[in-house]
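Written below as structure tokens is the structure these notes are about.
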Amino acid sequence: MNAPAWLPRFRGPLHDARTATVVGRLLGIAVFLCFLTGVLSHFLQEPPAFLSGHLPTRPVSGYRITQALHIISGVAAVPLLLVKLWTVYPSLFQWPPVRSVTHALERISIALLVAATLLELFIGLLNIVQWYPWPFGFRQVHWALAWVITGSLLVHLGVKAPTIAEHWRRAPRTSAIGAGRPTPDSADADRRALLWGLAAAVGAVTVVTAGQSVTPLKDLALLSPRDPDVGPQGLPVNRTARAAGITAAAVRDWRLHVDGPRPYGLTLDELRSMPQHSVELPIACVEGWSKSARWEGVRVCDLLARAGAADGARLRVVSLQTRGGYGVTEMDSAYTRDTLTLLALRLNGEVLAPDHGYPARVIAPNRPGVLQTKWVTRLEVLV
Ligand SMILES: Nc1nc2c(c(=O)[nH]1)N[C@H]1C(S)=C(S)[C@@H](COP(=O)(O)O)O[C@H]1N2
Ligand SMILES: [Mo]
């Protein structure tokens with residue numbers, strides 16, 4: 001069947017399978033890295049039962065690195081995806097549009113793959129700039145889309161496996177035959193130019209975002225919404241005390257309550273008279289910025305032992321917060337057991353600033369920033 005005359009014709013040499021394979025490979029690496037670091041981040045935030053008690057608390061800055069990689073690979077995937085789509089978009093106009101049931105399924109899976117990936121990257125980018133203009137929970141949707149992408153990507157790779165295999169290596173030079181006619185490798189120079197341009201684009205977006213967690217690049221972090229140096233006590237703030245609805249009265253009447261087999265309460269002075277420990281740990285936000293700091297306070301394991309909790313108890317942490325999410329979090333036993341996990345009272349040599357969680361906040365090793373709960377008032381031992 002001939003294609004109707006109104007369909008566009010494409011003659012550009014880079015709308016070919018070799019370019020699609022080369023760019024697809026690079027995109028695949030970025031997506032794979034993003035997927036692995038994303039699964040890790042999800043498990044640290046919402047541990048499945050089989051990981052309970054086994055969450056890794058070392059290296060203490062592990063999450064700082066993996067989440068930076070997540071953001072960097074996600075941002076790098078944007079120019080890669082755009083070039084990949086540009087390379088293959090002529091096949092949107094293939095004729096006939098549907099040849100068989102298998103062909104129809106393949107086209108549906110690609111539509112799903114493209115739509116889900118565009119949406120995934122888009123909401124991820126908005127999350128980096130802390131803009132949530134939608135009514136759904138970001139993390140649940142980001143997680144679900146990751147699996148839609150995985151499924152449709154596997155179908156896509158399966159269908160395209162023969163083409164990918166055929167174009168994995170550069171075609172051998174065949175210029176001897178058919179002089180003057182385009183040969184399979186006549187597009188090589190164009191392709192090389194495209195890939196250099198793409199490398200420059202990926203390099204540029206990486207350099208201007210990576211600085212929010214890679215300190216030597218911090219002056220180049222033009223696209224990062226947060227400067228890791230700006231904020232009280234040298235640390236950025238995501239939610240201020242005011243935004244969390246922390247009132248002066250609530251802070252004045254503050255006591256720490258520890259619920260366990262032998263519940264007790266402590267004033268701030270009593271807490272300060274317990275053995276104090278000092279740790280160097282980063283806040284590593286899921287949005288990609290991170291910053292290391294020195295924290296001083298009481299070990300969570302000491303507080304729990306005093307309440308008669310069994311070694312390695314799980315914990316619910318309740319803050320004074322009255323508005324917005326993350327006021328109540330749970331802490332896996334891997335952290336409660338760890339002597340680096342503190343109920344911190346001081347930051348970088350000073351009493352915690354109100355925006356950093358005064359009077360007391362949680363700080364634990366290798367933990368997503370979102371779970372380092374501020375304005376803590378109650379620790380509940382879970383059984
Ligand atoms: N109670 C409470 N604790 C919280 C938050 C919050 O919104 N409420 N935000 C978390 C997030 S997302 C991060 S990244 C860190 C930021 O800590 P900082 O403001 O001390 O730098 O605090 C965490 N602790
Ligand atoms: Mo965060």
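Along the sequence shown, residues carry numbers from 1. In listed order, ligands and their atoms are each counted from 1. All heavy atoms count here, side chains included; hydrogens, waters and symmetry mates do not.
- Phe136 is linked by a ring-ring contact (aromatic ring centres under 6.0 Å, His included) to Trp134, counting only residues two or more places apart in sequence or in another chain.
- Contact atoms of ligand 1 toward Cys285: 14 (S) (distance under 4.0 Å to a heavy atom of the residue).
- Only the backbone of Pro236 comes within 4.0 Å of ligand 1, judged by heavy-atom distances.
- Leu256 places a side-chain heavy atom less than 4.5 Å from the side chain of Leu379.
- At least one side-chain heavy atom of Glu106 sits under 4.5 Å from a side-chain heavy atom of Lys160.
- Within the structure, ligand 1 lacks Ala243 among the residues with a heavy atom less than 4.0 angstrom away.
- For ligand 1, the polar-atom distance check finds an N/O of Gln372 within less than 3.5 Å of one of the ligand's N/O atoms.
- Under the 4.0 angstrom criterion for non-hydrogen atoms, Glu287 is not in contact with ligand 1.
- The closest approach between a heavy atom of Gly324 and any atom of ligand 1 is not below 4.0 Å.
- When hydrophobic side chains of Ile, Leu, Val, Met, Phe, Trp and Tyr are connected at separations under 4.5 Å, Val318 ends up clustered with Val328.
- For Arg361, a nitrogen or oxygen atom sits less than 3.5 Å from a nitrogen or oxygen atom of ligand 1, counting backbone and side chain alike.
- Cation-pi geometry between Arg367 and Tyr335 is met: the NZ or CZ atom falls under 6.0 Å from the ring centre, inside 45° of the normal.
- The atoms of ligand 1 that sit less than 4.0 Å from any heavy atom of Asn238 are 12 (S), 14 (S), 19 (O).
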